[in-house]
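Counting starts at 1 for both ligands and their atoms, in listed order.
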Amino acid sequence: MKARGEKIAVLTAYDFSFARVLDAAGLDVLLVGDSASNVIHGHETSVPITLDQMIDHATAVVRGVKRALIVVDMPFGTYQGSSEIALQSAVRIMKESGAHAVKMEGGEVVIESVRRVLSAGIPVMGHLGLTPQSIYKFGSYTVRATEQEEAERLMRDALLLQEAGCFAIVLEKIPARLAARVAKRLTIPLIGIGAGAAVDGQVLVTYDMLGLNQEFSPRFLRRYADLDKVMSEAFRHYVADVKADRFPSDDESY
Ligand code: KIV
């Protein structure tokens, strides 16, 4: 798709019903993101979600998908520091969920794990720029790689991941000009989130683009629906109908 100049559309999915709708809508890739930690489990960060929880989400997503590529985030603590643990974690994801690939955050610092997982024949997507699993190291969710040193490190990391054999890289919240430079230099696709338009595809967190979290409104987020409003109205309507004995009607009864 990159070679053809065709942009790659990616959104996150965490369950069967959303995966079915997303797949039918023509998404190229569904990412079972560890953002599930925030938007599904209500944690403040992506740090607490476990491997078992990610496998559960991925298994449900796989059941709803006929054609999209399914990539699963390896959660915090399942690949950093030990390539042996990384391999075991990735093998569990692939065997138990039936997904097609895994994603890991970081460049040089996780390269041994990336290589080990790739050596087992498991496709790996990289993730550079803002890497939410390291939030306690960074201290904030601000734009990354605005200084030259960090920008150069990001370019080196991207090349390293490509050389290792990653099939794509997510670039999160970095200046658009830097993302454009990386996209030009690399032959593998770069999927941006808050990285401008000159990359090979875009990803958003589905619940955020549907307007389910009104408090979260970073500059890069375009809301395609106001589901918070739609759902609240439907739920209020239902409560009112039940209280007023308007539901169920005779037609809705046996
Ligand atoms: O977990 C996630 O949803 C992600 C995307 C934001 C890229 O990693």
For [X] and [Y], does a side-chain donor sit closer than 3.5 Å to a side-chain acceptor?
X	Y	result
Glu96	Thr59	no
Tyr136	Ser134	no
Gln80	Gln133	yes

Is the His43 ring parallel, tilted or perpendicular to the His41 ring (thresholds 30°, 60°)?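 His43 vs His41 ring planes: parallel.
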Less than 4.0 Å is my threshold; does some heavy atom of Lys103 fall inside it relative to ligand 1?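 For ligand 1, residue contact (heavy atoms, under 4.0 Å) with Lys103 is present.
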Under 4.0 Å from a heavy atom of His127: which atoms of ligand 1 are those, numbered in the order shown and with their elements?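 Counting atoms of ligand 1 from 1, those under 4.0 Å from His127 are 8 (O).
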Where ligand 1 meets Gly33 - atom numbers and elements under 4.0 angstrom, heavy-atom basis: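 What qualifies from ligand 1 is 1 (O), 2 (C), 3 (O).
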Considering non-hydrogen atoms of the protein only, which is the closest contact for [atom], and what is the distance?
atom	result
atom 2 (C) of ligand 1	Ser35 OG, 3.3 Å
atom 6 (C) of ligand 1	Ile193 CD1, 3.7 Å
atom 7 (C) of ligand 1	Leu31 CD2, 3.7 Å

Check this for me - ligand 1, Thr12, N or O atoms closer than 3.5 angstrom, yes or no?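 Looking only at distances, the answer is no, because the N/O contact criterion of under 3.5 Å is not met.
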Is there a polar contact between ligand 1 and Asp73, counting only N or O atoms under 3.5 Å apart?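 Yes - when backbone and side-chain N and O of Asp73 are compared with those of ligand 1, one distance drops under 3.5 Å.
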Inspect the contact between Arg67 and Asp23 and indicate whether a charged nitrogen and a carboxylate oxygen are less than 4.0 angstrom apart.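 Salt bridge: yes.
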Regarding Arg153 and Glu150, does a basic nitrogen lie under 4.0 Å from an acidic carboxylate oxygen?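 Judged by the 4.0 Å cut-off on N to carboxylate O distance, Arg153 and Glu150 do not form a salt bridge.
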Does Lys103 reach the side chain of Val32, with side-chain heavy atoms less than 4.5 Å apart?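 No - every pair of side-chain heavy atoms lies 4.5 Å or more apart.
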Of Asp34, Val203, Leu130, Asp208, which has the heavy atom at the shortest distance from atom 1 (O) of ligand 1?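 Residue with the shortest heavy-atom distance to the ligand atom: Asp34.
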